[in-house]
> 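Just passing along the structure, written as structure tokens.
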Number of protein chains: 2
Amino acid sequence: MNRNKNAEPTIHDIARELEISASTVSRALNDNPRISLKTKEKIKAVADKLGYRPNTLASNLRNKKSNTIGIVVPLINRHFFSSVISGVEDVAFKAGFNVVISQSNDLAAKEISIVQSMFSNRVDGLIISIAMQTDTFDHLKLFSKKHIPLVFFDRAVPEIETDKIVVDDFAGAYRVTQHLIDQGYQRIGHLAGPQNLTTYLDRKNGYIDALRKNRIAFDESLIIVNTLTSEEGVLAVQQLMSLPEPPDAIFCGNDTTALSVMIYLRNKGIRIPEDIGIVGFSNEPFSKVVSPSISTIAQPGFEMGQKAAELIIRKIENKERTYQTITLPTELIIRESSSRK
Amino acid sequence: MNRNKNAEPTIHDIARELEISASTVSRALNDNPRISLKTKEKIKAVADKLGYRPNTLASNLRNKKSNTIGIVVPLINRHFFSSVISGVEDVAFKAGFNVVISQSNDLAAKEISIVQSMFSNRVDGLIISIAMQTDTFDHLKLFSKKHIPLVFFDRAVPEIETDKIVVDDFAGAYRVTQHLIDQGYQRIGHLAGPQNLTTYLDRKNGYIDALRKNRIAFDESLIIVNTLTSEEGVLAVQQLMSLPEPPDAIFCGNDTTALSVMIYLRNKGIRIPEDIGIVGFSNEPFSKVVSPSISTIAQPGFEMGQKAAELIIRKIENKERTYQTITLPTELIIRESSSRK
DNA sequence: CTGAAAGCGCTAACAC
DNA sequence: GTGTTAGCGCTTTCAG
């Protein structure tokens, strides 16, 4: 029946050509040991001749799996996230999985919509870093409920018990704060991100803990919480510098704000690191090459992606039911913006 | 039959519950006007109650389309490419398409494998920027042959007639070279990328043309061709600076090499832009914030992605058969590294 | 070692 | 406005 020119050849076409059954063809193409080498070869030859390409859609439907891993990130176009995606793709491809990708733009509504669509598309597993905004989690619980592997990376939801790949934000923040203290800075401010996200909460807590361990008085007015965009970095530093006792160092919740803060201060004639020390978080590519270069905490994005993919693939294939939280180490990178000794 | 607990409900389950036929359910869920409002509502209510989620796989198989757009880039983790991906995702999602993504790592073999896998997955269209290495195109011709929409962006294959979204590399290179000349640079070198890629070829030609129009003698020894990594940038600048008559300006084929070249020269005590002018290409995020900031050509990555997605979706939906090449304008961004006047 | 037959979940011509 | 039926292309029991 499938005789018209531009229809894709199917296993039936090649079966008919050889006057055998489609099941044999299917088995041969899947290297089923029950098929003799001879017939396998014949079948593969005809498949080639006809330009046969398996229809994965059909196979997926039949097998009730899509061979696809979904990944949703706040923003594709951000170095950390694109590194993670790259890592996921790297191992997923080698394991024969496709990767479908979407970005939430840090919007809860879009995230929900994406996640539901991925469910409908029967992704075999979902890797996600939640949007800043997201504060309801039914769309994600759906996955756990249906026993579809779910892996959080970076921004995880504490109340959902599943696999998580995070970095040790607390320790990173602690170390970078300690470093500022070691450099002789005494009055250290902090630009914090949304506190509903554990990453930013942990960073703040690491900072507070470092102050406490060093018996430095903790001053609430030195902490500013926003969403850590360039613009908000500028607003925050304005606010900090207009305090009666302005800080002599600022731990910025990410490199983006660290940079905008530095530029603002430089324009005010304030010297970095002499007058004020600046550190960031994430080790964006630019932080190494700006002047002064920015001290920061490196997060291994590519490795996180690889780990997330490895983990989810193991879950997909073994159906193992134990969850783990993998905490990857961060690295303190000391550069010019905080080195005054 | 579908009675076991953790099986997903299907339209048959909801049909049985209401003692109607599955087709009615299908039609209702797809808002087919032939179904009365009442039954639609009843059906949707039951669907909700059962937690029904359409199985897109099945629907796709039946409809012979996957609602999926494939995109393959050399490297996900590169600002320009992740911007393009972001743009593609942006419009694809709004139009109800999924985006599956893969990276070739600039390896021809991996690219071929990816593209074939995407074909087997029956992507409705493919958006691709080819790998540096790729010099055979059968895997791509397959798409044109089967009339599956194919859109090239940035790095296109001249011999395949299809839609293309490119930037005007020639004009960009011309303008940036002209800018160097306007700044009084006379002996301008060029770091070029692989010449099998039209992007890099066009950049070189734009450079040569600008020299010619300005009656500047063209010196072959001032052009170095490599793959434009940081390391190769350093090797290239070493070679250029050891010429009997070294250049007084270098047009680097991308910002990455521009940066590594600058760092090398600075370490040698050569001043930029006073002693030597540097320009790059692509406007990587870092080029704005390094010191000196790098003059460069901005390519609208996000817009390219949006355009590519719009174009391919129109092709997917209309089956229109005319191809177009959209050339997006570039923008010359003059910064410190080339401004000595 | 191979074939027949059923079915994955959905859709759409065709009937009424 | 709704039901019947067949089938998308593949896999997989069950038989032989």
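Just so we're on the same page: letters track the sequence lines, and every chain starts at 1.
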> Not counting sequence neighbours, which residues clear side chain to side chain contact (heavy atoms under 4.5 Å, CB included) with A/Glu159? List them please.
A/Phe137, A/Lys141, A/Val157
> Over how many whole Å does the gap from A/Asn30 atom CG to C/dT2 atom P extend?
15 Å
> What is the distance, rounded to the nearest whole Å, between atom CG of B/Asn67 and atom C1' of C/dC10?
14 Å
> Go through the structure and list residues passing salt bridge (charged side-chain N to carboxylate O under 4.0 Å, His left out) with B/Lys38, not counting sequence neighbours.
none
> Report yes or no: is the cationic atom of B/Lys146 (NZ for Lys, CZ for Arg) under 6.0 Å from the centre of the six-membered ring of B/Phe119, at an angle within 45° of the ring normal?
no
> Indicate yes or no: at least one non-hydrogen side-chain atom of B/Asp154 is less than 4.5 angstrom from one of B/Val84.
no
> Would you mind listing every side-chain hydrogen bond (donor to acceptor under 3.5 Å, both in side chains) that reaches into residues 127-136 of chain A, with sequence neighbours excluded?
A/Glu111-A/Thr134
> With sequence neighbours excluded, give me every salt bridge (Lys or Arg N to Asp or Glu O under 4.0 Å) pair touching residues 72-82 of chain A.
none
> Could you work out which one of C/dT2, D/dG9, C/dC10 sits closest to the side chain of A/Thr24?
C/dT2
> Which residues pass the ring pair (Phe, Tyr, Trp, His ring centres under 6.0 Å) test with B/Tyr52, sequence neighbours left out?
none
> I'd like to know if A/Asp106 pairs up with A/Arg155 as an ion pair, taking the criterion as any Lys NZ or Arg NE/NH1/NH2 lying under 4.0 Å from an Asp or Glu carboxylate oxygen.
yes
> Between C1' on D/dG7 and CG on B/Leu61, what's the gap in Å once rounded to a whole number?
9 Å
> For DNA chain C, which residues in residues 51-60 of chain A have a heavy atom at a distance below 4.0 Å?
none
> Rounding to a whole Å, what distance do you find between B/Leu29:CG and C/dC10:C1'?
11 Å
> To the nearest Å, give me how far apart NZ (A/Lys64) and C1' (C/dG7) are.
10 Å
> Look at A/Asp48 together with A/Lys44 and state whether they make a salt bridge at an N to O cut-off of under 4.0 Å.
no
> Can you tell me if the side-chain N/O atoms of A/Asn63 get under 4.0 Å from OP1 or OP2 in C/dC8?
no
> To the side chain of B/Ile20, which of D/dT11, D/dG3, C/dT11 is closest?
D/dG3
> Taking the side chain from B/Asp13 and the backbone from B/Thr10, do they hold a donor-acceptor pair closer than 3.5 Å?
yes
> Can you name the residues that form a side chain to side chain contact (heavy atoms under 4.5 Å, CB included) with A/Ile313, not counting sequence neighbours?
A/Ile69, A/Val91, A/Ala95, A/Phe97, A/Glu317
> What residues form a side chain to side chain contact (heavy atoms under 4.5 Å, CB included) with B/Val123, not counting sequence neighbours?
B/Thr68, B/Met118, B/Phe143
> Looking at five pairs on each end of the helix from C/dC1-D/dG16 to C/dC16-D/dG1, what is the angle between the two axes, given to 10 degrees?
40°
> Measure from CD1 on A/Ile14 to P on D/dT11 and round the result to the nearest Å.
12 Å
> Do any of residues 31-44 of chain A sit with a heavy atom less than 4.0 Å from DNA chain D, and if so which?
A/Arg34
> Can you measure A/Lys65 atom NZ to C/dG9 atom C1' for me and round it to whole angstrom units?
18 Å
> Could you state the CD-C1' distance from A/Glu8 to D/dC10, rounded to the nearest angstrom?
15 Å
> Taking NZ, NE, NH1 and NH2 as the nitrogens, is one of them in B/Glu8 or B/Arg53 under 4.0 Å from a carboxylate oxygen of the other?
no
> Taking N or O atoms only and anything under 3.5 Å, show me the protein contacts with nucleotides 4-6 of chain C, one pair per line.
unit_1	atom_1	unit_2	atom_2	d
C/dA4	N7	A/Ser23	OG	3.4
C/dA4	N6	A/Ser23	OG	3.3

> Please tabulate, for side-chain N and O atoms in residues 22-29 of chain A, each donor-acceptor pair with protein atoms closer than 3.5 Å (sequence neighbours left out).
unit_1	atom_1	unit_2	atom_2	d
A/Ser23	OG	A/Ser21	OG	3.2
A/Thr24	OG1	A/Ser21	OG	3.1

